[in-house]
Amino acid sequence: LRDTNDAELAVPLTEIEEQSSLTTSIMPTGQTDNLTRAELIDLVRFLSELGKVGSYAPSQVRLARRWQVLDYPGTSPLMAPTNASDDLRRLGMENFGGRGKMIWNPTYSVVSGDLPLESLPALQQFSPDAPALSAARCELKVTTGGPLRLRLNSADGLRMWVNDKSTKVAAETSLDLSPGLHTLTFEINRRTRIQHGLRLALLDVPGSPVQAQFVTGK
């Protein structure tokens, strides 16, 4: 067996009190019925490589894995009306996200911890020369307050807010947060951020008493 620290644990057969054999897969019945042969092969390969050294190896880094992305109801998944992005620029992200006509939809990062940009809705601004924008946010639960650090895979094309406060964004950002639930919101400039998805890690500060973790459930 392999535990949460990625260490192997050997269990002698003489200590196993009971064994049973599953006659069916633990996957829900009919889950793969609509997959093509190529899709099924991809799924089996992914499951067989999950947890092994390589692209699907488990990471010990605390990563933001549950995100919410800004969308606009009644539109195509990749484009929102121009007035949505106009409101975004006029009001600012700190006031824009709470507006009733906008919807934050849940999404998740891939195994590596990256949130792929191609999967995010793009808000096209009125001017054809203005870049398309996306917005994503995650939640950080702080149990014991204090200084902590956030590390991005890249700060290119990003603006950041901590709760409703605009915060200077860098590849590594230091924050001092009080106990409670904090929202980290990112505006993504799709013109200048091309080669990177969004990957956010939580780092400890030596000597800091802070205890914090990204929210992973609803």
Side-chain angles (χ1 to χ4, degrees), residues 3-6 46 50-51 55-73 77 88 91-123 133-155 157-188 193 196-218:
D3 64 15
T4 55
N5 295 320
D6 203 28
F46 169 75
L50 190 62
S55 301
Y56 304 133
S59 173
Q60 302 303 314
V61 180
R62 290 174 294 173
L63 298 169
R65 295 194 176 277
R66 181 183 185 274
W67 293 86
Q68 293 177 317
V69 295
L70 190 60
D71 204 352
Y72 195 104
L88 177 61
L91 298 172
M93 184 65 70
E94 58 269 31
N95 298 315
F96 183 65
R99 292 171 66 86
K101 66 181 180 181
M102 302 307 297
I103 292 179
W104 291 91
N105 287 325
T107 190
Y108 294 86
S109 63
V110 296
V111 175
S112 65
D114 289 284
L115 183 63
L117 296 188
E118 59 267 22
S119 66
L120 305 184
L123 307 179
L133 304 174
S134 293
R137 68 185 185 185
C138 63
E139 293 178 315
L140 184 64
K141 184 178 181 180
V142 178
T143 305
T144 302
L148 55 80
R149 291 182 298 161
L150 299 174
R151 177 179 293 166
L152 289 158
N153 54 343
S154 168
L158 295 180
R159 297 173 67 204
M160 177 182 175
W161 288 261
V162 178
N163 301 319
D164 60 351
K165 182 179 180 181
S166 179
T167 302
K168 184 178 180 180
V169 62
E172 195 165 297
T173 303
S174 296
L175 300 174
D176 196 326
L177 297 179
S178 60
L181 191 64
H182 300 272
T183 301
L184 310 176
T185 304
F186 294 88
E187 177 193 276
I188 305 166
R193 192 175 183 88
H196 302 283
L198 187 58
R199 186 176 191 266
L200 181 64
L202 173 62
L203 306 178
D204 292 324
V205 174
S208 172
V210 69
Q211 296 182 19
Q213 61 181 1
F214 289 112
V215 176
T216 57
K218 293 182 178 180

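- For the atom pair CD1 (Ile188) and CE (Met160), the distance works out to 12.5 Å, reported to the nearest 0.5 Å.
- In terms of heavy atoms, Ala136 sits closest to Leu115 at CB-CD2, 4.1 Å.
- The cationic group of Arg137 lies under 6.0 Å from the six-membered ring centre of Trp104 and within 45° of the ring axis, placing it in a cation-pi geometry.
- Of all heavy-atom pairs spanning Leu117 and Leu198, the tightest one is CD2-N, 4.4 Å.
- Cys138 pairs with exactly one of Val215, Thr185, Leu184 by the side-chain contact (heavy atoms from CB on, under 4.5 Å) rule, that one being Leu184.
- Residues forming a side chain to side chain donor-acceptor pair (under 3.5 Å) with Ser154 (at least two apart in sequence, or on another chain): Asp156.
- Asn153 contributes no side-chain N or O that, together with a main-chain N or O of His196, makes up a donor-acceptor pair within less than 3.5 Å.
- Judged as a side chain to side chain contact (heavy atoms under 4.5 Å, CB included), and not counting sequence neighbours, Pro179 has no contacts.
- Listed by chain and residue number, Asn163 satisfy the side chain to side chain donor-acceptor pair (under 3.5 Å) test with His182 (two or more places apart in sequence, or in another chain).
- Between atom CG of residue Leu181 and atom CG of residue Leu140 there is a gap of 8.0 Å, rounded to the nearest 0.5 Å.
- Taking both residues in full, the closest heavy atoms of Pro147 and Ser208 are given as O-OG, 2.8 Å, listed atom of the first, atom of the second, then distance.
- The shortest side-chain heavy-atom distance between Leu63 and Arg199 falls under the 4.5 Å cut-off.
- For the pair Val205 and Val210, the minimum side-chain heavy-atom distance is 4.5 Å or more.
- Using a 4.5 Å heavy-atom threshold, the side chains of Phe214 and Trp67 count as separate.
- Of all the heavy atoms in Ser134 and Pro121, the pair that sits closest is OG-O, 2.7 Å.
- Of the inter-residue distances, the one linking Leu148 atom CG with Leu203 atom CG reads 9.0 Å to the nearest 0.5 angstrom.
- Every residue meeting the salt bridge (charged side-chain N to carboxylate O under 4.0 Å, His left out) condition with Glu172, not counting sequence neighbours, appears here in chain and number order: Arg149, Arg151.
- Residues Thr167 and Trp161 have side chains not in contact (no heavy-atom distance under 4.5 Å, counting atoms from C-beta outward).
- For Asn105, the side chain to side chain donor-acceptor pair (under 3.5 Å) partners two or more places apart in sequence, or in a different chain, are Asp71.
- Among residues two or more places apart in sequence or in another chain, the side chain to side chain contact (heavy atoms under 4.5 Å, CB included) test is passed with Gln211 by Thr143, Thr144.
- Remark: Asp204 engages Arg62 in a salt bridge (charged side-chain N to carboxylate O under 4.0 Å, His left out) (not counting sequence neighbours).
- Considering all non-hydrogen atoms of both residues, Pro106 and Arg66 come closest at CB-NH2, 4.2 Å.
- Shown here for Ala64 and Ser109, the closest heavy-atom pair between the two residues is O-OG, 3.8 Å.
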